[in-house]
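A quick note: this is a predicted structure, and the numbers were derived from the prediction, not measured. Every heavy atom of this structure was used, including side-chain atoms; hydrogens, water molecules and symmetry mates were not.
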Amino acid sequence: MDWDIKIEFAHDGVDCINQIKKIQPEILFLDLNMPEMDGYEVLIAIRELGLNVLTVVVSGDIQPAAHERVLELGAIDFIQKPCSAEKLATIIEHHGIKDKAMRERLAHSLGEQVDPDVRDIYQELTNVAMGQAGDLLARLLNVFVKLPIPNVNILEVNELDMALRSIDNSTSTSGICQGFIGGGVSGEALLLLNDSSFKEIASLMNYDGELNEKVELELLMDISNILIGAILTGLSKQLDMTFSQGHPIVLGQHRDVSELVKSNKPRWQRTLAIEISYGIENHNINCDLMLLFTEDSLKTLKYKVAYLLED
């Protein structure tokens with residue numbers, strides 16, 4: 001006998017809890033990066049409120065600590081994005097939730113539920129890629145990396161100017177820019193690291209020497225190589241294209257964001273901008289990574305996304 005299945009969607013963590021109370025679903029597929037309440041907070045709320053729902057976390061955050069944390073909070077399993085119908089069926093079978101007919105119907109139904117909004121698609125692609133980058137950074141520094149919800153926007157040059165200035169104009173910043181190109185898509189990856197982060201990064205990397213400008217540049221290069229390289233690799237695998245990376249360019253050290261923007265403004269025109277703000281739990285370390293795709297790249301990106309959705 002088939003399972004009479006109905007699928008509901010929640011807009012954020014708060015909406016998720018409200019819907020669980022209202023409709024009492026059998027299974028919850030839970031993302032970790034959500035506004036209002038993140039996935040960890042939802043799991044805590046489910047436990048505290050005594051809500052009876054089987055929860056499977058679906059996330060691009062592949063840090064071992066993230067996996068362990070969600071299981072400790074009551075999730076029955078963890079699925080890494082992007083999730084295939086086969087993987088979903090394996091999870092359901094492993095936990096004995098329903099029979100084979102139910103699994104096929106559930107996987108098919110979920111596969112049909114695609115949000116047509118291009119921004120959301122870019123955001124999901126970035127979620128997967130930034131999870132891989134966060135995992136590498138977590139392993140390097142032996143910390144827990146807080147992964148944000150990426151911001152995706154089409155920005156004119158003046159809007160990009162304002163977006164960069166709004167990142168953090170209260171303290172000095174150091175920046176790296178690295179170009180990339182491949183398969184009809186090109187752009188630049190911009191990494192800005194708050195100067196107050198260098199001391200803690202050096203400590204986490206067990207550096208005991210003098211923290212001078214040369215050492216800080218080396219640390220900035222190390223962080224940018226990890227994050228930019230992993231993000232581009234993650235995106236290239238999903239989009240089925242290979243990016244070639246140019247040599248990193250130092251935009252400036254120990255300068256206000258406004259100064260970095262002013263001196264490099266001619267580099268950026270109208271662009272698809274994806275902003276990711278990484279943080280380290282229990283450490284005063286903050287860095288912002290922006291992927292700036294050229295306007296000419298948008299047509300190719302839309303074609304690639306449409307092709308992926310067809311599959």
Next on the checklist: For a side chain to side chain contact (heavy atoms under 4.5 Å, CB included) check, start with the C-alpha distance between L235 and V128, then their side-chain angles and the critical distance, and finish with the verdict.
Outcome noted: CA-CA 8 Å; L235 289 176; V128 174; over 6 Å; no
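- Of the possible donor and acceptor atoms, none in the side chain of E200 sits under 3.5 Å from a partner among the backbone N and O of H283.
- Other residues, nucleotides and ligands contribute over 12 non-hydrogen atoms within 6.0 Å of the CG atom of N212.
- Going from atom CG of N127 over to atom CG of L147 covers 8.5 Å, rounded to the nearest 0.5 Å.
- Taking hydrophobic clusters as Ile, Leu, Val, Met, Phe, Trp and Tyr residues chained together by side-chain heavy-atom distances below 4.5 Å, F78 does not share a cluster with I27.
- With no hydrogens or angles considered, no side-chain donor-acceptor pair links N33 and S59 at under 3.5 Å.
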Next on the checklist: Under the criterion side chain to side chain contact (heavy atoms under 4.5 Å, CB included), I'd like the reasoning laid out for L301 against V185: C-alpha separation, chi angles, the key distance, then a yes or no.
Outcome noted: CA-CA 7 Å; L301 287 171; V185 173; 3.9 Å; yes
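- Side chain of T233 to main chain of A230: no donor-acceptor pair is present (N/O by atom type, distance under 3.5 Å, no hydrogens or angles).
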Checklist entry - So D31 and K81, salt bridge (Lys or Arg N to Asp or Glu O under 4.0 Å) or not? Walk me through it. => result CA-CA 10 Å; D31 201 348; K81 291 182 181 179; 2.8 Å; yes
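- Within the model, atoms CG of L32 and CG of D61 stand 6.0 Å from one another, a figure rounded to the nearest 0.5 Å.
- Not a single donor-acceptor pair under 3.5 Å links the side chain of T173 to the backbone N or O of N194.
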Checklist entry - So L191 and L220, side chain to side chain contact (heavy atoms under 4.5 Å, CB included) or not? Walk me through it. => result CA-CA 9 Å; L191 186 132; L220 178 63; 3.7 Å; yes
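- A donor-acceptor contact under 3.5 angstrom links the side chains of S297 and T294, judged on distance only.
- Taking CE from M34 and CD1 from I149, the interatomic distance works out to 8.0 Å, rounded to the nearest 0.5 Å.
- Q132 and D135 are not linked by any side-chain donor-acceptor pair at a separation below 3.5 angstrom, with hydrogens and angles left out of the test.
- Between S197 and N286, the closest heavy-atom pair is OG-N, 3.1 Å.
- The backbone N or O of V145 lies less than 3.5 Å from a partner atom in the side chain of Q63, making a donor-acceptor pair.
- With F144 as the aromatic partner, R69 meets the cation-pi criteria of under 6.0 angstrom to the ring centre and within 45 degrees of the ring axis.
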Next on the checklist: Let's go through F243 and M241 carefully: what are the C-alpha distance in whole Å and the side-chain angles of both, what is the deciding distance for side chain to side chain contact (heavy atoms under 4.5 Å, CB included) to 0.1 Å, and is it a yes or a no?
Outcome noted: CA-CA 7 Å; F243 290 126; M241 59 173 60; 3.6 Å; yes
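- In this structure, SG in C287 is found 7.0 Å from CD1 in I280, a value given to the nearest 0.5 Å.
- With hydrogens and angles disregarded, no donor-acceptor distance shorter than 3.5 Å links the side chain of Q24 to the backbone of I20.
- A donor-acceptor pair is defined here as one N or O able to donate and one able to accept, closer than 3.5 Å; no such pair exists between the side chain of Y278 and the backbone of L227.
- Side-chain N or O atoms of E188 include none that pairs as donor or acceptor with a backbone N or O of Q178 at under 3.5 Å.
- In this structure, OG in S186 is found 11.0 Å from CG in L292, a value given to the nearest 0.5 Å.
- Ring to ring, F9 and F29 are not that close: their centroids are 6.0 angstrom or more apart.
- Between the E41 side chain and the D38 main chain, a donor and an acceptor come within less than 3.5 Å of each other.
- Nearest heavy-atom pair across M130 and P148 is CE-O, 2.6 Å.
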